Asker: 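Pasting a structure here, questions to come.
If you're wondering where the values come from, they're calculated on a predicted model, not measured in any experiment. Residue numbers start from 1 in every chain, and the chains themselves are labelled A, B, ... in the order their sequence lines are given, proteins ahead of strands.
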Amino acid sequence: MPTMIFWIAIAALTAAAALSVLVPLTRTRSRPESVPENASVGIAAPDLDQDAEVYRAQLEELQRDRVRGLIDDQAFDAARTEIARRLLAAEDARTRREASAPASSRVLRRAAVLAALVFLPAVTLGMYLMLGSPDQPDSPLIARLQAPVEGQSVGELVARVERHLAQNPQDGKGWEVIAPVYMRLNRPEEAARAYDNVIRLLGSSATRQTDMGEALAAANNGIVSAAAQAAFEAAVELDADAVKPRFFLAIALAQDGNREAAVAAWRKLLDGADETESWVPVARAELAKLTGATAALAQPAAPGQPGPDAAAVAEAAQMSDADRSAMIEGMVSGLKDRLRGAGGSLQDWQRLLRAQMVLGREAEARDALLLAREDLAEDEAALAQINALATSLGL
Amino acid sequence: MIVELGHYALVLAFALALVQCVLPLVGALREDRALMAIAPPVSISLFLLVSLSFVSLTIAYLTSDFSVLNVYANSYSAKPLIYKISGVWGNHEGSVLLWILILVFFGALVGYFGRNIPAPLRAATLSVQAWVTTGFLAFLLITSNPFERIATPPMEGQGLNPILQDIGLAIHPPLLYIGYVGFSITFSFAVAALILGRIDAAWARWVRPWTLLAWVFLTLGIAMGSYWAYYELGWGGWWFWDPVENASLMPWLVGTAMLHSAIVMEKREGLKVWTVLLAIFAFSLSLLGTFLVRSGVLTSVHAFATDPERGVFILGLLTFFIGGSLSLFAWRAPMLKQGGLFAPISREGALVLNNLFLSAAASAVLIGTLYPLVLDVVTGEKISVGAPFFNLTFGPLMIPLLMAVPFGPVLAWKRGDLLAACQRLYAAFGLAFLAVLFTYWLWGGASALAPLGVGLAVWLMLGSIVELLGRVKLFDIGPRRALSRLIGLPGSAWGTSIAHFGVGVAVLGIVTASAFQEEHILTMKPGSSVELAGYEVTFDGLIPRQGPNYQEDVGLFSLRRGGVEVAQLEPAKRVYQASRMPTSEAGILTSWFSQIYLSLGEAREDGGVDVRIYHKPLITLIWIGCVIMAFGGVVSIGDRRLRVGAPTPARKKTRAKSAAVAAE
């Protein structure tokens with residue numbers, strides 16, 4: 001229906017524009033063409049009269065000035081002579097021109113009618129359909145915010161709540177509704193601000209503090225900042241058993257480079273944890289990252305077998321992170337090349353798989369698993385053990 | 001629907017303007033009354049269509065309709081109402097739309113009020129105006145369409161450039177544009193006259209009020225821009241010879257010249273061809289200004305080269321209109337009937353002198369503005385042409401011109417008598433001389449030129465008063481009759497005197513504010529004071545403050561005079577949240593016509609802050625003078641009479657001759 005009104009409106013506009021061309025044309029035609037027209041019918045008198053008219057008006061003006069005493073007789077005479085001279089020249093030109101007085105041409109008028117009725121609508125419509133979006137309705141902000149909730153996009157709904165909160169900033173419930181939405185929309189700064197408001201208005205709780213801390217950490221590219229840490233600590237204070245804040249605090253310790261404390265925190269968290277919880281593998285991986293990479297390789301190689309000896313492992317513990325991971329990488333790729341080329345024992349293959357998983361190289365680990373199965377195909381027991389390890393590593 | 005209706009109206013205006021380009025022009029050339037009669041109603045239709053378009057864009061801004069790309073990119077739902085409206089022209093697309101709106105508005109004025117303009121001239125003028133309109137509508141629709149839509153509208157806009165969030169900048173562009181675009185109508189008149197091959201009395205009669213109208217708005221627009229730069233940019237300067245400022249000054253200078261040559265044309269039927277040329281130049285310089293500002297060529301010649309669509313389009317329009325009109329001029333001008341020659345010592349002679357100086361000054365500004373750009377393009381070398389260049393070129397051209405101003409109006413038409421003119425002005429000259437001595441005594445010999453500058457200003461102001469008194473023959477007929485004559489004086493005479501007086505006022509402001517300015521640039525700690533021009537300025541501390549969409553550091557200063565506190569000033573440095581863009585707000589105390597100007601610099605770690613404090617004596621006279629000039633223009637437009645200038649037969653012919661010889 002609005003589209004219908006739109007097309008009617010543009011048709012009316014076009015018609016009005018065309019009329020402003022057509023009306024003057026028809027008006028002119030309705031007069032006999034030989035009779036000179038005057039200004040009262042909306043068409044200016046020919047310019048030939050006009051010059052003379054200007055001069056006549058000047059003369060009158062001059063007369064008035066003299067009556068008012070603005071100019072003396074001498075100036076009046078001089079000016080009148082001047083005007084009279086120009087007036088005569090204009091009259092001359094007029095008589096000369098009138099000899100070749102023009103007529104209105106029928107061809108030209110027909111061309112003008114065509115321009116108004118064909119050219120104008122065709123060009124306009126063609127261009128508009130190219131440039132415009134006739135089907136797109138207006139979307140003023142207020143109307144969008146007041147439209148029924150059904151069928152609105154998340155963005156629109158969020159804006160709606162935001163507007164409501166801008167007007168009622170004390171509405172804690174509102175902040176609590178929008179905070180997790182912000183998180184999901186990947187707008188963690190706003191989520192953190194919203195949780196801050198929730199805590200201010202509705203009071204603190206372990207969950208709220210944890211959520212705020214999580215938002216702050218997300219806003220900071222996963223780094224647990226001092227503010228986030230404070231939030232997690234507040235949560236632990238309210239609920240000493242809560243897993244999530246302790247989880248993040250352990251991450252914070254690792255990020256601070258406090259390795260021992262982090263390992264301890266992870267161990268404590270995993271101690272007695274229900275293995276089915278979703279966070280447990282992550283925690284294990286984190287723990288493994290701190291201890292595991294070296295631990296996986298830390299079983300000293302049996303004498304005579306190539307591999308890092310105890311001294312090398314001890315040395316690795318002293319190294320900087322970068323150096324250590326370079327060393328581990330070097331060892332892992334060395335191990336891999338050796339096993340690929342000549343095969344190896346069950347323990348060798350197990351070490352390689354664990355190390356690759358710790359380094360996050362799942363694809364390589366899968367390759368290695370296939371090779372291991374091939375290599376150990378004759379040893380049923382070893383094959384079973386390799387498969388068990390693969391399952392536990394999630395391969 | 002409103003948005004799309006606005007879009008459609010704009011496209012329809014384009015098609016209608018195409019019709020207007022051809023039919024009335026053919027009508028005017030073939031003297032076909034029917035086709036000529038089309039022009040006025042179509043000019044009004046064009047105005048209504050573009051208005052509809054402008055209104056619908058404004059509605060989109062008011063309702064924060066972010067489905068319009070232009071609104072999304074330049075508005076913000078929480079913005080104050082006034083800046084939602086000014087946001088319409090605070091961006092490229094909207095400002096071009098405003099430009100076109102003013103263009104068709106002037107066309108409609110001619111269509112509606114121009115009943116006594118000869119039909120062929122009116123038809124051809126409106127046709128030429130439609131050419132300009134078509135060019136700019138094509139530019140708007142093809143390269144910078146303000147009605148482009150977004151299929152999935154975002155919920156919030158990107159805000160307005162914070163520097164534009166200022167009341168001064170909200171009204172500055174419309175004033176300036178009315179001035180710029182106002183010259184389009186004199187341009188159209190001139191090109192129409194060239195096409196028709198004759199400049200008749202009506203042409204001369206009609207050009208002057210249109211020039212005046214454009215000139216008044218341009219004067220106000222430039223003054224407004226200058227005052228804005230003064231209080232917002234924080235340097236205490238009121239004119240920077242910046243290319244954007246020069247872009248508005250050039251059409252003003254040529255427009256001022258045209259204003260004066262139009263008087264000669266109207267009264268003496270002389271200088272016709274010259275006036276036509278000036279009309280072409282005035283609008284060409286307006287177009288050039290638009291090109292400089294709108295193409296982005298100023299920010300960086302190279303940025304322009306990488307995204308050249310808009311710039312090249314405007315450059316094309318520029319080439320077409322300037323090149324086309326000048327070629328037409330070269331072809332047709334020799335066929336036009338020249339006015340008579342006249343003696344150098346006469347009102348006409350004085351006006352020619354005015355024109356020569358103003359055109360030379362405009363050329364100097366043009367060279368100073370374009371040379372760095374050309375050099376950058378050709379050699380890649382970056383230079384900036386600043387105040388020293390303009391002081392050496394523009395200044396020396398202005399001084400003799402200003403000295404000659406009072407002579408013009410007291411000289412008679414056709415045959416002037418320089419000696420008699422001097423006699424009428426001797427009182428003004430004597431008083432100006434006294435003003436020089438007085439200034440010298442008051443301020444001492446700090447600058448030898450400054451007292452002379454003050455003398456020049458006084459000479460201009462008194463000269464314009466003397467001219468009025470001379471006209472009413474105060475000393476011949478006694479005060480009572482003189483008063484009645486004074487009231488009966490034509491508007492144009494009043495306008496001349498008022499405008500020339502305004503020039504004097506502005507010159508006085510410029511001279512005193514630059515020669516006798518006192519300034520301190522220092523670091524102040526809280527509690528410390530500094531003495532300036534009789535004021536004791538104390539820094540009380542720096543406090544942070546939160547605005548609606550910015551944060552600012554406000555410096556608190558108290559001003560005491562003789563131990564009594566007279567004012568608190570709070571200059572500030574703002575940072576707008578949306579763009580993190582810093583701006584500065586000066587603290588200004590106006591006392592009579594002088595100002596104390598405080599501007600904050602960087603804050604130091606020890607609690608101190610860099611401060612610039614100026615005392616600028618009589619500085620407001622610069623802008624007051626401009627307003628007086630514009631008022632003079634308005635008074636002069638109000639004079640609807642048809643005028644003729646004729647000489648009084650010379651009684652003392654021999655004496656006049658000897659004076660003329662002496663002057664040569």
Side-chain angles (χ1 to χ4, degrees), chain A residues 2 5-6 9-10 13-14 16-17 20-21 23-25 27-29 39 43-44 46-47 50-51 54-55 57-58 61-62 68-70 74-75 78-79 81-83 86 90 102 104-105 108-109 112 115-116 119-120 123-124 127-128 131-134 136-142 155-156 159, chain B residues 1-5 7-9 11-12 14-16 18-19 23 26-27 30-35 37-38 41-42 44-45 49 63-67 77 115-122 141 145 147 149 151 153-156 200-202 205 269 485 488-489 641-644 646-649:
Chain A
I5 298 172
F6 173 69
I10 66 169
L13 265 186
T14 319
S20 67
V21 177
V23 168
L25 283 179
R27 274 215 206 159
T28 321
R29 188 164 43 184
I43 294 140
D47 66 316
Q50 204 79 42
D51 265 7
V54 170
Y55 296 133
Q58 277 181 339
E61 197 63 51
L62 205 62
R68 271 190 287 171
L70 284 177
Q74 224 167 12
T81 321
E82 178 83 22
I83 298 170
R86 295 183 199 165
S104 182
S105 148
L108 283 180
R109 244 185 358 231
F119 175 83
L120 187 67
V123 167
T124 311
M127 255 184 102
Y128 174 73
L131 297 170
S133 332
Q136 189 172 357
D138 292 343
S139 21
L141 197 59
I142 306 262
E156 281 167 338
Chain B
M1 191 185 102
I2 295 171
V3 173
E4 288 304 314
L5 208 58
H7 195 176
Y8 186 83
V11 178
L12 184 58
F14 173 73
L16 193 61
L18 276 175
V19 172
L23 294 183
V26 171
R30 306 276 295 265
E31 308 229 355
D32 186 298
R33 278 194 308 280
L35 292 199
I38 292 172
V42 170
I44 293 166
S45 295
L49 287 172
T63 58
S64 296
D65 187 337
F66 296 124
S67 69
S77 64
R115 252 167 254 261
N116 36 15
I117 305 177
L121 178 62
R122 178 164 62 156
L141 287 168
N145 195 332
F147 291 104
R149 303 294 291 271
M155 293 307 285
E156 191 49 276
D200 40 34
R205 159 88 183 77
E269 302 214 318
R485 278 179 66 104
L489 272 185
R641 302 174 332 130
L642 304 158
R643 286 122 22 107
V644 64
T648 6

Asker: Under a 3.5 Å distance rule, please check whether B:Glu4 uses its side chain to pair with a backbone N or O of A:Ser133 as donor and acceptor.
Answerer: yes
Asker: Given a strict heavy-atom distance threshold of 4.5 Å, which part of B:Leu141 is in contact with chain A: side chain, backbone, both, or neither?
Answerer: both
Asker: Specify which of A:Thr14, A:Ile10, A:Val123 makes the most heavy-atom pairs with chain B at under 4.5 Å.
Answerer: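 Going by pairs under 4.5 Å, I would pick A:Ile10.
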Asker: Pick whichever of B:Val3, B:Leu12, B:Leu16, B:Leu18 has the most heavy-atom pairs under 4.5 Å with chain A.
Answerer: B:Leu12
Asker: Check each atom of A:Tyr128 against the heavy atoms of chain B and say whether the ones under 4.5 Å are side chain, backbone, both or neither.
Answerer: both
Asker: Sub-3.5 Å donor-acceptor pair from the side chain of A:Asp138 to the main-chain atoms of B:Ile2, do we have one?
Answerer: yes
Asker: Measure B:Leu23 against the heavy atoms of chain A and call it side chain, backbone, both or neither at under 4.5 Å.
Answerer: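 Side chain of B:Leu23 only, per the 4.5 Å heavy-atom cut-off to chain A.
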Asker: Over all heavy atoms of both residues, which pair between B:Ile38 and B:Pro41 is shortest? Give the atoms and the distance, please.
Answerer: O-CD, 3.1 Å
Asker: For the interface with chain B, which of A:Ala115, A:Ala17, A:Ala16 has the highest count of heavy-atom pairs at distances below 4.5 Å?
Answerer: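 Looking at each option in turn, the highest pair count goes to A:Ala17.
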Asker: Using side chain to side chain contact (heavy atoms under 4.5 Å, CB included) as the criterion, list what pairs up with A:Leu141, not counting sequence neighbours.
Answerer: A:Arg144, A:Leu145, A:Arg163, B:Ser64, B:Phe66, B:Ser77, B:Met155
Asker: Are B:Val42 and B:Val19 close enough that some pair of their side-chain heavy atoms sits under 4.5 Å apart?
Answerer: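 Contact flag for B:Val42/B:Val19 side chains = no.
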